[in-house]
Q: 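To start, I am sharing the structure in question, which I have written as structure tokens.
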Amino acid sequence: MIAVVFEIIGAIAMVAGFVVAVVLAVRTLARKESARAASLVLRNTLGAAILLGLEVLVAADLIRTITSKPSIEDALILGPSS
């Protein structure tokens with residue numbers, strides 16, 4: 001249950017970050033700054049949001065891994081494939 005909550009938080013962080021990045025880029029363009037500056041704002045803000053979301057998703061995966069019962073099937077999935 002906790003892992004699912006973390007996954008939802010990670011997804012919300014990425015979606016909210018996308019919206020914020022677009023708003024900031026449009027605001028940069030509205031201030032009559034260059035398109036290059038707006039692009040840079042968009043890339044930096046969106047990159048930070050994606051990074052935050054992925055970190056939360058990794059935390060959810062770690063929680064799910066720690067709290068699950070180990071099984072042969074899980075070990076075979078993690079084992080080397082030829």
Q: Taking only residues at least two apart or on different chains, which pairs with a member in residues 38-47 satisfy side chain to side chain donor-acceptor pair (under 3.5 Å)?
A: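 Counting only pairs at least two positions apart or across chains, no side chain to side chain donor-acceptor pair (under 3.5 Å) contact touches residues 38-47.
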Q: Using the test side chain to side chain contact (heavy atoms under 4.5 Å, CB included), find all partners of T67 that sit at least two apart in sequence or belong to another chain.
A: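 Side chain to side chain contact (heavy atoms under 4.5 Å, CB included) check on T67 returns I63.
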Q: Per the salt bridge (Lys or Arg N to Asp or Glu O under 4.0 Å) rule, what does the pair list look like for residues 47-66, sequence neighbours excluded?
A: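 Matches after skipping sequence neighbours: E7-R64.
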Q: Could I get the full list of side chain to side chain contact (heavy atoms under 4.5 Å, CB included) partners for I8, not counting sequence neighbours?
A: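 With neighbours one apart ignored, the set is V4, I12.
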Q: Tell me which pairs pass salt bridge (Lys or Arg N to Asp or Glu O under 4.0 Å) where either residue lies in residues 45-54, with sequence neighbours left out.
A: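 Those involving residues 45-54 do not exist here.
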Q: Keeping to residues at least two apart or across chains, list the salt bridge (Lys or Arg N to Asp or Glu O under 4.0 Å) pairs with something in residues 12-26.
A: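 Sorted pair list comes back empty.
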Q: Determine which pairs satisfy salt bridge (Lys or Arg N to Asp or Glu O under 4.0 Å) with at least one residue from residues 17-32, sequence neighbours left out, and list them in order.
A: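 Only R31-E33 qualify under salt bridge (Lys or Arg N to Asp or Glu O under 4.0 Å).
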Q: Could you tell me which non-hydrogen atom of L46 sits nearest to which non-hydrogen atom of A21, and how far apart they are?
A: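 Shortest heavy-atom contact: N-CB, 3.8 Å.
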Q: Does CG in L54 sit with more than 12 non-hydrogen atoms of other residues, nucleotides or ligands closer than 6.0 Å?
A: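 Counting other residues, nucleotides and ligands, CG of L54 exceeds 12 neighbours.
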Q: Which hydrophobic side chains are connected to V41, either touching it within the sub-4.5 Å cutoff or through other members that do?
A: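 Joined to V41, directly or through intermediates: V20, L24.
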Q: With sequence neighbours left out, what residues match I9 under side chain to side chain contact (heavy atoms under 4.5 Å, CB included)?
A: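 In terms of side chain to side chain contact (heavy atoms under 4.5 Å, CB included), with neighbours along the sequence ignored, I9 is linked to V5, V56.
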Q: Looking only at heavy atoms, which two atoms of A13 and A49 are closest? And how far apart?
A: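 Looking at all heavy atoms of both residues, the closest pair is O-CB, 4.1 Å.
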Q: Other members of the hydrophobic cluster containing I66, with the 4.5 Å side-chain heavy-atom rule, please.
A: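 Members besides I66: none; it forms no cluster.
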Q: Could you give the distance from CZ (F18) to CG (L42), rounded to the nearest 0.5 Å?
A: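 Output value for this atom pair is 7.5 Å.
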Q: Linking Ile, Leu, Val, Met, Phe, Trp and Tyr by side-chain heavy atoms under 4.5 Å, what else ends up with L51?
A: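 When side chains under 4.5 Å apart are linked, L51 ends up in no cluster with other residues.
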Q: Taking ILVMFWY side chains as joined if any heavy atoms are under 4.5 angstrom apart, and letting links pass through other members, which residues group with V15?
A: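 Besides V15, the hydrophobic cluster comprises nothing; the residue is isolated.
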